[in-house]
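Here is the naming used below: chain letters follow the sequence lines, and residue numbers restart at 1 for every chain.
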Amino acid sequence: MNTTDTYMLAGIYHPRQHGPGFGIPVFLHDGQYWVQDISSEDHVRQFVTCDVEAQTLRLPPLPTDSTMHSIGKQALYAFEAADGTMKLGTRAEVSTWLQSRVTELQTTPFVLHDVAEFLGDSALLSEAQARCDMLLQRSRKTTSAPEVTSVSSGTTRATKIQWEYDLVEKPFCAQL
Amino acid sequence: MGDQLLFVVLPKEFLEETAIRDAIINVWNCDPVMYATFRRDTPASYYAVVREKVRERFTEATRI
């Protein structure tokens, strides 16, 4: 990989079928797809290949100079709004755009939480966290009565927990 | 997988999907552990994030 190579924006990958949410800008170079490896200073440290199918990419916004990208440039971020509008730009550009559309995200608290972190807005983060907690709480089905476990099933459960600990958690913890 | 999973670590925005929330919370009877993905760079760069989230959970549960 040469630092002077240019990478053409091929599209935006968004794992969900619709917005809102952040997307991954995917670039094309030498017949391969690439994504940015972003430094803590928000610059492109390098491009790394990625395995993505062309038909899964959303069309990028209208071609601009920013669709040609190279190492050392400011990283590009993408966000897809609920209405399908895609914003692509530097962190500052996407931040400004998001700040004007925060109200649209009130019904999607988990995306709002991501956005609050991206913006570094602690008040918005607290608000989003409260909404996420509320939605998770509401998602728990509370209609069924608590199950009373028999002695034997309780013993089975305890055995299973010990088995899980010995085979799964213990080796994992040993690696930390 | 009910009662076999401790938690599911996943990108935050997936929890906007009712079916995913329901599967994790009510079908698998475990907790979602979320992480932000706005950096949107290489998938491998999230391995450390996932590992840290799992470590936090084990610490909270006084497992380590």
task = Look at the side chain of B:Glu16 and the backbone N and O of A:Val111, then say whether any donor-acceptor pair between them is shorter than 3.5 Å.
result = yes
query = Does CG in A:Asp83 sit with more than 12 non-hydrogen atoms of other residues, nucleotides or ligands closer than 6.0 Å?
reply = yes
ask   = Can you check whether B:Pro32 reaches A:Leu136 side chain to side chain, under 4.5 Å on heavy atoms?
value = yes
query = Does some side-chain heavy atom of B:Met34 sit less than 4.5 Å from a side-chain heavy atom of A:His113?
reply = no
query = Can you tell me how far CZ of A:Arg138 sits from CD1 of B:Ile25, rounded to the nearest 0.5 angstrom?
reply = 11.5 Å
Linking I/L/V/M/F/W/Y whenever any side-chain heavy atoms sit under 4.5 Å apart, do [X] and [Y] land together?
X	Y	value
A:Tyr33	A:Val48	yes
A:Trp97	A:Val102	yes
A:Leu57	A:Met8	yes
B:Val27	A:Leu135	yes

message = According to side-chain hydrogen bond (donor to acceptor under 3.5 Å, both in side chains), who are the partners of B:Glu17, at least two apart in sequence or on a separate chain?
response = A:Arg16
inquiry  = So which atom in A:Ser139 and which in B:Asn26 form the shortest heavy-atom distance, rounded to 0.1 Å?
reply    = O-ND2, 2.8 Å
request  = Would you check if there is a donor-acceptor pair between the side chains of A:His14 and B:Glu13 at a distance under 3.5 Å?
outcome  = yes
Proximal component of A:Pro20, with respect to chain B [non-hydrogen, under 4.5 Å] = backbone
request  = Please determine, among B:Asp22, B:Leu15, B:Ile24, B:Thr18, the option with the most heavy-atom pairs under 4.5 Å with chain A.
outcome  = B:Leu15
